[in-house]
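Notes for the one structure printed next.
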Amino acid sequence: MFSSSHSLTGLTDRSGLIFGADYNPEQWPAATWPEDIRLMQEAGINMVTVGVFSWARLEPSEGARNFGWLDHLMDLLHGGGIRVCLATPTASPPAWLGHEYPETLPVDADGSTLWYGSRNQFNPSSAKYRQAAAAITESLARRYAGHPAVAMWHVGNELGQVSYDDETALGFRTWLTRRYATLDRLNQSWGTAFWSQAYGSWEEILPPRKAPYLINPSQKLDFQRFTSAQLLSLYRAERDIIRRYDTRCPVTTNLMGFFRGADYFAFAKETDVVANDWYTDPADPDSHRLGALTHDLCRGLSGGMPWLLMESATSAVNWREHNVPKEPGELRVDALSAVARGADGVCFFQFRQSRFGAERFHSAVVPLAGENTRAFREVAELGKELRSLRQVAGTSCAATIAVLFDWESWWAAESPDTPTNRLQVLEQLQAYYAPLHRRGLSVEVVHPSAELGRYGLVVAPSLFLLAPEHSNSLAAYVRGGGQLVVGPFSAVADSNGHLADGRFPGSLADLLGVDGEEWVPLASPVEVRFGPIQAVQAHIWAEDLALRGNTGKVMAHFGAGRLEGRPAVVRNCHGAGSSWYVGADLPAEALELVLADALAAAGIASPLTAPLPDPVEAASRGGHLFLLNHSARPQEVGLGWTSVDLLTGTAHGPELTLPPFGALVLKEPVPTQTGAAELSNLKNDRNRGTA
Ligand code: GLA
């Protein structure tokens, strides 16, 4: 991936940041298309995604081809200077496919078929579906590769379907034979000695279908791996067909951030551009922080390279229970947040609001009310601003902090047989990310196999499953001078989901200097004391811990109750670095303390002199500090230096006020050598609390 010819660079070099939308013109008479193109130009849109749901139009009956309308559209778009991200239409097969070939339809864990009349009604393991998808992809690639409008290819849509049918069972067995070679190894890896589950032949093995009671967790984990691999193989098959015809344009598929169903670290290795869909929830005041974390995941997935926000909403979506529209100005800060965190483009779903179908009530660039609307005006204004940010395209964010995340561990951690279902992986991730986000620090979410040496601080909020090579690399990182923070219930299981023997946290116990005996899900809150004055409460989770060896220091201990006086947070010295182990679900104010201690040890300081007010986001990219107010109230920010806003040319600082949903893109000072040393001393002092 990321060869220069197949990255975003080729596109942004020519036109600056990408600004786009999903365009579904088949819902409208062809006579409206020229008007659509005029509106795209007016909004500054320079790329549209076309054809995502066009299969029935392109192939009205098996083997038929109807490309005339698309030929016309592509030429119109090209004539209007709008580039096309051309999609394969394979996310929504036509009714005839499901009708003629019911085996192409997915079946759920209860054995119920999921029928057409919606979308995503495909079985990833169906040979017939794969054949039909390959055929239409090939026709499309053959016809449009080299068309001057085509700038990028978009395979399917949000690949995430799962099926438990018989053909899937066959595929699962083949996958298992490759993984285990012998039934003996499979039986051992799945722990089938338990509950008399031993398999005597491969044919007996099934996907984890609905069962009377708890299902074997190792079987479920493998099925999750298999499903993710099947989805990736769908992507690969279509990508390879496209590549045969077009060796020039990047090929990608739109990811869904922290989507549990597929391992995006594996996907990212196969896509030329990491493209992601993110929908802020305007009803949730913290949604922008999950957005920032998701964007930092995209940067981690893309190895620090620019990525693309492939879908977002101009205002309300239609698929939450209660769909609150965005406030005036909110779409702008949402979009700039992605750019600040490495996106080289921002696209909306969708260009023109549908009048019919299941997304009638979804917002769009052009709402039913037309162009004289707040949504359209705000999009057009954003289009202008993105043009003024041209120099940001292609730049990096230089993260100093890694947050570790692993899909396999997520799959394994959230199993109904674990001590609690309240300690959720994503919630842990967000809790440990918040203190870093509040300081405007540059973070990448990366896999535990990433090269850690380039980060000053590594945070592992929840790694239930940890391979020996990854715990070794964490130990080497700390020994070499790194700082590591590890959250509760970590290093619990191996890659089969079998629990580590002995005292916990298993392979990390020596590194972290702790010795755990029992996990303690809480019936009622327990106090966690940081020194004599500061006390907080853990609500869900505690661990019965002791110090291991003599290098650890108790940073916090439990208050009254069965764990009274036992360590809750342990800071340990290991080689030239230190680690923190947190044996409880700590509230935000306590995680602040732990991370402040770790940041100080790492010598990492915020780019701002004063703490940021909560709804303000700060992120550095390409020598610029983006300051974004995600609230409808003005916010005071202590910047500590003066600068000029790239968007307006206006000078600001050292103190400034951000208007409601205000945004600034400030040139960061380039420190002189002595200045740099002074700045770093000042930052370290501040971190130690002496300034
Ligand atoms: C997803 C899909 C789009 C559309 C939007 C609506 O991201 O990819 O096709 O359904 O949601 O928000």
Side-chain angles (χ1 to χ4, degrees), residues 20-28 47-57 84-94 114 116-122 124 152-162 231 234-235 238 252-262 264 267 271 273-284 287 290-291 294-295 297-298 307-326 330-331 334-335 338 343 345-368 375 379:
D22 273 81
Y23 182 40
N24 297 307
E26 60 270 49
Q27 297 173 21
W28 300 88
M47 184 175 89
V48 289
T49 302
V50 170
V52 181
F53 298 110
S54 303
W55 196 343
R57 176 68 64 101
V84 172
C85 172
L86 189 56
T88 65
T90 49
S92 194
L114 307 180
Y116 45 88
S118 177
R119 68 173 182 192
N120 303 346
Q121 70 283 2
F122 62 85
M152 194 183 296
W153 293 88
H154 180 295
V155 169
N157 192 59
E158 298 189 332
L159 283 158
Q161 195 51 55
V162 48
L231 292 169
L234 286 180
Y235 167 78
E238 294 187 26
T252 190
T253 184
N254 49 341
L255 308 179
M256 294 176 272
F258 289 98
F259 168 64
R260 195 167 184 274
Y264 285 164
F267 268 72
T271 54
V273 170
V274 168
N276 192 54
D277 299 346
W278 165 252
Y279 289 91
T280 308
D281 182 355
D284 172 2
S287 182
L290 179 55
T294 307
H295 303 335
L297 168 69
C298 292
W307 55 278
L308 179 62
L309 180 61
M310 188 60 105
E311 287 183 27
S312 58
T314 60
S315 189
V317 298
N318 69 306
W319 40 263
R320 294 193 174 104
E321 283 183 9
H322 184 65
N323 296 294
V324 174
K326 288 191 177 177
E330 197 170 355
L331 79 81
D334 281 350
V346 171
C347 307
F348 295 106
F349 178 88
Q350 60 178 335
F351 180 71
R352 197 180 262 287
Q353 184 177 350
S354 302
R355 287 188 51 236
F356 44 78
E359 292 182 330
R360 297 168 293 172
F361 293 104
H362 199 289
S363 61
V365 171
V366 185
L368 293 179
V379 170

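All ligand and atom numbering here is 1-based and tracks the order in the structure. All residue numbers in this chain count up from 1 along the given sequence. Keep in mind the model is a prediction, meaning the values are calculated, not measured.
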Is there side-chain contact between [X] and [Y], with at least one heavy-atom pair below 4.5 Å?
X      : Y      : answer
Phe53  : Asn157 : yes
Cys85  : Met310 : yes
Leu114 : Gln121 : no

Could you list which atoms of ligand 1 come closer than 4.0 Å to a heavy atom of [X]?
X      : answer
His362 : 6 (C), 12 (O)
Asp277 : 7 (O), 8 (O)
Asn157 : 2 (C), 8 (O), 9 (O)
Phe53  : 9 (O)
Glu158 : 1 (C), 2 (C), 7 (O), 8 (O)
Glu359 : 4 (C), 5 (C), 6 (C), 10 (O)
Trp319 : 6 (C), 12 (O)

Considering only non-hydrogen protein atoms, determine which one is nearest to [atom] and report residue, atom name and distance to 0.1 Å.
atom                   : value
atom 2 (C) of ligand 1 : Glu311 OE1, 3.3 Å
atom 9 (O) of ligand 1 : Arg119 NH1, 2.9 Å
atom 5 (C) of ligand 1 : Tyr279 OH, 3.4 Å

| For Asn276, the option from Leu308, Thr252, Thr294 that meets side chain to side chain contact (heavy atoms under 4.5 Å, CB included) |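 Per the side chain to side chain contact (heavy atoms under 4.5 Å, CB included) rule, the option paired with Asn276 is Thr294, out of Leu308, Thr252, Thr294.
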| query | Do you see a donor-acceptor pair shorter than 3.5 Å between the side chains of Glu330 and Thr280? | reply |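 Glu330 vs Thr280: no donor-acceptor pair found between side chains.
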| message | Using the rule ring-ring contact (aromatic ring centres under 6.0 Å, His included), only one of Phe348, Phe351, Phe349 pairs with His362; which is it? | response | Phe349
| said: Using ring centroids (six-membered ring only for Trp), state whether His295 and Trp307 fall under 6.0 Å. | reply: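 They qualify: ring centres under 6.0 Å apart.
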